[in-house]
Every structure is written in structure tokens, then in C-alpha cells.
Amino acid sequence: MKKQCGRGSIELEQGDITLQDVDAIVNAANAHLAGGGGVDGAIHRRGGPEIMKECRAIGGCPTGQTVLTTGGKLKARHVLHTVGPRWRDGNHGEPELLASCYRTALALAEEHGFRTVAFPSVSTGIYGYPVDEAATVAIREIAAHLRKNDCPEVVRMVLFDAGTYAAYEQALMAEMAE
Ligand code: ADP
């Protein structure tokens, strides 16, 4: 699915983000940038040790913020490591922190002139964020960035499973209907 938004577009795709040929993929990292399970583990496995070496040199990243490394052996030229919030009950700043992940990743992408960026569904795996709510936040922030800025030109959500894809499809249709 693809929707025009400002001068750019939002795309939804089901698949494995580590295979994306884009200027940058986003990693759902943890605050220690220490690697782990889920998409984080998959990115480090396919990208090789160079990415972890850069992460160690950076040292860490607060929740809601984003840091940049190269893409190592990935097809993607760079990795934007963003640290999503762990879901508690929704009353501990989770929506604002998740919005900040998308905002800071897109601001860094713009600063570096990345034209194509791919995101996974940040926080909805091990961190337990309800996927419908996360999708609404993600799509709203991406749309807001694209309406105000020329870069990136393409923001692609790469969703691992059909249920997650359906949640983002719903959120994208709702955003475009507004
Ligand atoms: P978090 O700790 O932020 O919740 P996870 O990696 O556990 O991060 O999960 C985030 C989302 O990424 C989940 O929807 C999960 O299914 C998905 N995911 C896992 N591996 C991949 C992959 N290779 N490509 C794209 N998405 C993935």
C-alpha cells in the first residue's frame, strides 16, 4: 500500500526490514545499544560486527531518542537506532516517547539527506506496546513530517507479520481520511 503525503509518500510492506535497499533502516534498539532479540538481533546478525562496534563507541541512547551508524554489510547504507518505550499501562509517557522516536529518527534522516527510510513497528514486540495504538502514533508522526519537509521522500513501514500490517493499514487509511 502506498499513499502520497505532502511531496513524499508513506508505503506499507510486509517483510524483513534487514533486506531493504534504502538510505537508512531504523532499528528498534534498547538504551544500551547492546543488541538483543527481535528486529535488533536480526539487524546485527545480517549487518555484521561493524554496527555493534559503532554502537559501543556511541555508548547508549535515551528512550525516545535516535542515533546513527553505518549499515555495515546491510544493503541499507545506514542504521538509525531509536529506543522505543517499554509499555507499562499507557500512563507513563509511552505515547509521547514513541512519537519522539519517529520524530527524532526522521529529523536525523532529514539532516543527513536520506531520501528513503524504512521503519519497523517500534516497541510492539518485546516492549509490548499495543499495535493499534502504536500504529496510530507512528503514522501520525510520519505524515506530519512529510507534510512539513521534503526529505525523506519515501518512508516505508516494513511490518513483519500480517496482523501488524493490518494495524498500520487501518491507521494509514484513518490518517488520510482526516
Ligand atoms: P521492541 O523491543 O521495540 O518491541 P521488537 O524487535 O521486539 O522491538 O519488535 C518490534 C517489531 O519488529 C515487531 O512487530 C516484530 O515482529 C518486528 N520484527 C522482528 N524482526 C523483524 C524483521 N527482521 N523485520 C521487520 N520487523 C521485524
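Note that the coordinates shown come from a computational prediction; the quantities given were computed from them, not determined experimentally. Each ligand, and each atom within it, is numbered from 1 in the order the structure gives.
Taking any N or O of S121, backbone or side chain, none lies under 3.5 Å from an N or O belonging to ligand 1. Residue G38 has no nitrogen or oxygen atom sitting less than 3.5 Å from a nitrogen or oxygen atom of ligand 1, judged on distance alone. Among the atoms of P120, none of the N or O lies under 3.5 angstrom from an N or O of ligand 1. For I17, a nitrogen or oxygen atom sits less than 3.5 Å from a nitrogen or oxygen atom of ligand 1, counting backbone and side chain alike. Where the criterion is an N or O separation shorter than 3.5 Å, residue side chain and backbone included, A42 fails it with respect to ligand 1. Inclusion of S123 in the set of residues having an N or O under 3.5 Å from an N or O of ligand 1 is warranted. An N or O contact shorter than 3.5 Å links D16 to ligand 1 by distance.
Side chains of L80 and N27 form no contact here, defined as non-hydrogen atoms less than 4.5 Å apart. Contact of the M173 side chain with the M1 side chain is registered, since non-hydrogen atoms from C-beta on lie closer than 4.5 Å.
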_Candidate pair L106 and I142, rule side chain to side chain contact (heavy atoms under 4.5 Å, CB included), full reasoning_ = CA-CA 8 Å; L106 289 165; I142 294 167; 4.1 Å; yes

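Looking at K2 and E169, no side-chain N of the basic residue comes within less than 4.0 Å of a carboxylate O on the acidic one, giving no salt bridge. At a threshold of 4.0 Å, the pair R115-D150 does not count as salt-bridged, since none of the basic side-chain nitrogens sits closer than that to a carboxylate oxygen.
By heavy-atom distance, the residue among Y129, Y127, W87, F160 lying nearest atom 27 (C) of ligand 1 is F160. Which of V158, V26, I126 comes nearest to atom 7 (O) of ligand 1 through a heavy atom is settled by distance: it is I126.
Heavy atoms only, all atoms of each residue included: S121 and Y168 are closest at OG-OH, 2.8 Å.
Close approach of ligand 1 to T124 is summarised as follows: ligand atoms under 4.0 Å from at least one heavy atom of the residue are 4 (O), 13 (C), 14 (O). Here is the list of ligand 1 atoms found below 4.0 Å of a heavy atom in G15: 24 (N), 25 (C). Using a 4.0 Å cut-off to heavy atoms of A28, the atoms of ligand 1 that qualify are 3 (O), 8 (O).
The nearest protein atom to atom 4 (O) of ligand 1, hydrogens excluded, is given as G125 N, 2.8 Å; this is a heavy-atom distance. Among protein heavy atoms, the minimum distance from atom 6 (O) of ligand 1 is reached at V39 N, 2.8 Å.
Every heavy atom of A29 sits 4.0 Å or more from the atoms of ligand 1.
No option in T69, N30, T66, D40 other than T69 meets the side chain to side chain donor-acceptor pair (under 3.5 Å) test with H81. Under the side chain to side chain donor-acceptor pair (under 3.5 Å) test applied with T18, the options R45, H44, R46 reduce to a single match, R46.
Both V137 and V122 sit in one connected hydrophobic cluster of ILVMFWY residues. Membership requires side-chain heavy atoms under 4.5 Å apart, directly or through other members. A chain of hydrophobic side-chain contacts below 4.5 Å, direct or via other Ile, Leu, Val, Met, Phe, Trp or Tyr residues, connects F114 to V155.
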